[in-house]
Engineer: 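I'd like to ask you about the structure that follows.
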Amino acid sequence: MGSWASVRCVELGVELPYGRGHVTLDVDLPNLTVVSSKPRPPLSDPLSSLAESLRRPLSSPPLSDLCRGAESVLVIVPDKTRAFPFRLVLPEVLRAVKSASPQASIRVLVATGLHRPHRSEELEELVGREVMSEYEVVSHDAEDEGLLADTGRRTSRGTPVIVNRGVLESDLVVALGLIEPHFFAGYSGGRKSLLPGVAGRDAILANHGFRMIGHPKARYGCLSGNPIHEDMVEFMCMTRLDFIVNVTLNGRKEVTGVFCGDPVEAHLAGVRFLESYVRVPVRGRADVVIVTNGGYPLDRDLYQAVKGIATGELVVREGGAIVMLAECVDGLGGHEEFHELFVGARSPEEVLERIRRREPVKDQWQAQILARVLAGARVVVVTGMSHSVVEDMLMTPASSVEEALEEAARLAGCDLRSARVVAVPEGPYVIPELAG
């Protein structure tokens with residue numbers, strides 16, 4: 001658990017990430033507490049640290065040894081909503097693979113899960129022109145049966161083992177990823193590159209089903225007993241993932257750790273390292289919680305913004321309000337089903353009933369979590385996207401943080417001058433925990 005020093009009380013000048021910049025909180029809030037992760041110094045030479053970790057990985061032979069003799073290598077990478085340091089990590093991994101196995105055919109596969117497949121220009125923005133020109137870079141499509149292989153098997157929880165064909169047809173599978181808190185898988189990274197990253201639609205729908213999402217241990221920071229995490233690990237073991245290259249970042253998105261090697265052991269090592277920084281104790285629940293999605297790229301769309309809203313849920317009181325800052329330059333980000341589950345609903349309970357009745361429905365998990373939060377608290381969203389869409393989602397839109405705070409106080413039935421306010425500028429990159 002983090003130290004009390006990682007929670008600081010201030011009055012003015014809090015910087016809240018928003019898009020590629022910040023919004024400054026200059027409202028005088030006498031009872032404001034700002035929750036931040038413990039400082040994490042960046043690696044002095046992340047490229048050297050990466051090279052060393054590839055040579056001396058955790059619970060695995062070096063990547064160069066695994067590559068020898070391979071005729072086909074698949075490198076899985078995160079999608080555009082992740083703050084993964086592509087330009088640092090991906091070229092180095094590709095060079096290591098090519099050096100050890102010059103004859104190998106190397107493909108880069110973007111793990112989009114059930115998100116919209118990336119367009120060519122988005123792929124180039126993600127990995128860089130040089131990588132695009134030298135390697136085949138493709139986007140996963142969970143709904144394109146021609147790209148998928150159905151093994152005919154199921155996990156012990158009934159998830160069908162359907163995955164991108166490249167995973168089963170390659171001699172070696174390497175996954176790059178970012179370890180950060182995750183609102184229902186506990187932590188991202190590791191096994192998540194396969195499920196949901198490059199799994200088929202039916203596999204994702206099963207793993208993210210209503211009962212799975214509703215499990216009390218399907219929460220931020222929880223791996224042990226979390227059915228979603230355990231199902232992902234089982235799915236990974238029934239398909240193929242030979243080696244991972246996972247990193248951790250600080251609040252400035254600088255690399256603080258590199259964890260290469262066995263997909264289970266290297267991932268758990270990264271989780272243990274990260275959680276000593278991101279778990280932060282908070283004394284009591286707040287009337288109003290101000291939270292972000294950590295800025296760009298995670299605040300590109302309203303769908304992803306549910307992660308920050310779920311962070312606010314951890315410390316807001318029953319009947320309180322959450323102020324969410326998310327620029328949402330991509331609007332809904334192509335997640336129309338997420339929107340449709342809310343349209344016309346009069347209450348969050350009605351949304352939950354729709355999901356129970358209709359499942360499996362694409363994006364139901366995001367809708368389910370948002371509805372769960374809304375059943376206990378009101379949400380005001382500071383955003384540049386269509387305010388009518390925000391209203392469709394049973395939330396209140398605002399154009400500024402000042403406007404949002406006034407509305408939040410009204411909805412929570414309190415006065416801002418006397419209200420207990422907690423701000424979480426890092427959003428889903430920190431885990432506020434009630435203490436005492």
Engineer: Using modelled atom types and a 3.5 Å cut-off, is there a donor and acceptor pairing between side-chain atoms of R191 and backbone atoms of G189?
Structural biologist: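 Yes: the side chain of R191 pairs with the backbone of G189.
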
Engineer: Would you say the side chains of D79 and H115 form a donor-acceptor pair under 3.5 Å?
Structural biologist: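 Note: D79 and H115 side chains meet the donor-acceptor criterion.
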
Engineer: Would you please test H182 and H229 for ring-ring contact (aromatic ring centres under 6.0 Å, His included) and show each step?
Structural biologist: CA-CA 10 Å; H182 191 275; H229 160 70; over 10 Å; no

Engineer: Drop me the distance from N246's CG to L58's CG, to the nearest 0.5 angstrom.
Structural biologist: 10.5 Å

Engineer: Using atom types as modelled and distance alone, determine if a side-chain donor or acceptor of N226 lies under 3.5 Å from a backbone N or O of K217.
Structural biologist: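 Yes, the answer is positive, given that a donor and an acceptor are paired below the 3.5 Å cut-off.
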
Engineer: Short question: side chain of Q304, backbone of T81 - any donor-acceptor pair under 3.5 Å?
Structural biologist: no

Engineer: Within the distance-only criterion (no hydrogens, no angle test), does the side chain of T33 pair as donor or acceptor with the backbone N or O of V422 below 3.5 angstrom?
Structural biologist: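 No, because the side chain of T33 does not come within donor-acceptor range (under 3.5 Å) of the backbone of V422.
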
Engineer: Answer yes or no: is there a donor N or O on one side and an acceptor on the other, between the side chain of N293 and the main chain of G295, under 3.5 Å?
Structural biologist: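 Answer holds: no.
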
Engineer: For the backbone of L314 and the side chain of R285, can you confirm whether one donor and one acceptor N or O come within less than 3.5 Å of each other?
Structural biologist: yes

Engineer: Answer yes or no: is there an ion pair linking D231 with R157, defined by an N-O contact shorter than 4.0 Å?
Structural biologist: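 No, D231 and R157 are not salt-bridged.
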
Engineer: Is any NZ, NE, NH1 or NH2 atom of the basic residue among D150 and R165 found under 4.0 Å from an Asp or Glu carboxylate oxygen of the other?
Structural biologist: no

Engineer: Should the pair E254-R40 be classified as a salt bridge under the 4.0 Å nitrogen-to-oxygen rule?
Structural biologist: no

Engineer: As a test of understanding, state which of L325, V424, V382 forms a side chain to side chain contact (heavy atoms under 4.5 Å, CB included) with I290.
Structural biologist: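 By the side chain to side chain contact (heavy atoms under 4.5 Å, CB included) criterion, I290 pairs with just one of L325, V424, V382: L325.
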
Engineer: So, E234 versus S156: side-chain donor-acceptor pair below 3.5 Å or not?
Structural biologist: yes

Engineer: Output yes when a side-chain donor or acceptor of T239 lies under 3.5 Å from a complementary backbone atom of F235, and no otherwise.
Structural biologist: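 Looks like yes, one N/O pair under 3.5 Å.
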
Engineer: Between the side chains of S101 and Q103, does any donor sit under 3.5 Å from an acceptor?
Structural biologist: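 A donor-acceptor contact under 3.5 Å links the two side chains.
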
Engineer: Would you say the side-chain atoms of D299 pair up with the backbone N or O of G19, donor to acceptor, closer than 3.5 Å?
Structural biologist: yes

Engineer: Is it the case that the ring center of H339 lies less than 6.0 angstrom away from the ring center of Y303?
Structural biologist: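 Between Y303 and H339, the centre distance exceeds or equals 6.0 Å.
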
Engineer: Check for a donor-acceptor pair, side chain of T383 on one end and backbone N or O of A326 on the other, with a separation under 3.5 Å.
Structural biologist: yes

Engineer: Does the distance from a Lys or Arg side-chain N to an Asp or Glu carboxylate O, for E169 and R107, drop under 4.0 Å?
Structural biologist: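 Result for this pair is no, no salt bridge flagged.
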
Engineer: With side-chain hydrogen bond (donor to acceptor under 3.5 Å, both in side chains) as the criterion, how do S105 and S72 come out once you've worked through the C-alpha distance, each side chain's angles and the decisive distance to 0.1 Å?
Structural biologist: CA-CA 5 Å; S105 168; S72 58; over 6 Å; no

Engineer: Scan side-chain atoms only and decide if E15 and T24 contain a donor-acceptor pair under the 3.5 Å cut-off.
Structural biologist: no

Engineer: Going by an N to O cut-off under 4.0 Å, is there a salt bridge joining K362 and E143?
Structural biologist: yes

Engineer: Verify whether one side chain among T292 and Y18 offers a donor that lies under 3.5 Å from an acceptor in the other.
Structural biologist: no

Engineer: Is there a donor-acceptor pair under 3.5 Å between the side chain of S99 and the backbone N or O of A96?
Structural biologist: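 No, the answer is negative, given that no donor and acceptor are paired below the 3.5 Å cut-off.
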
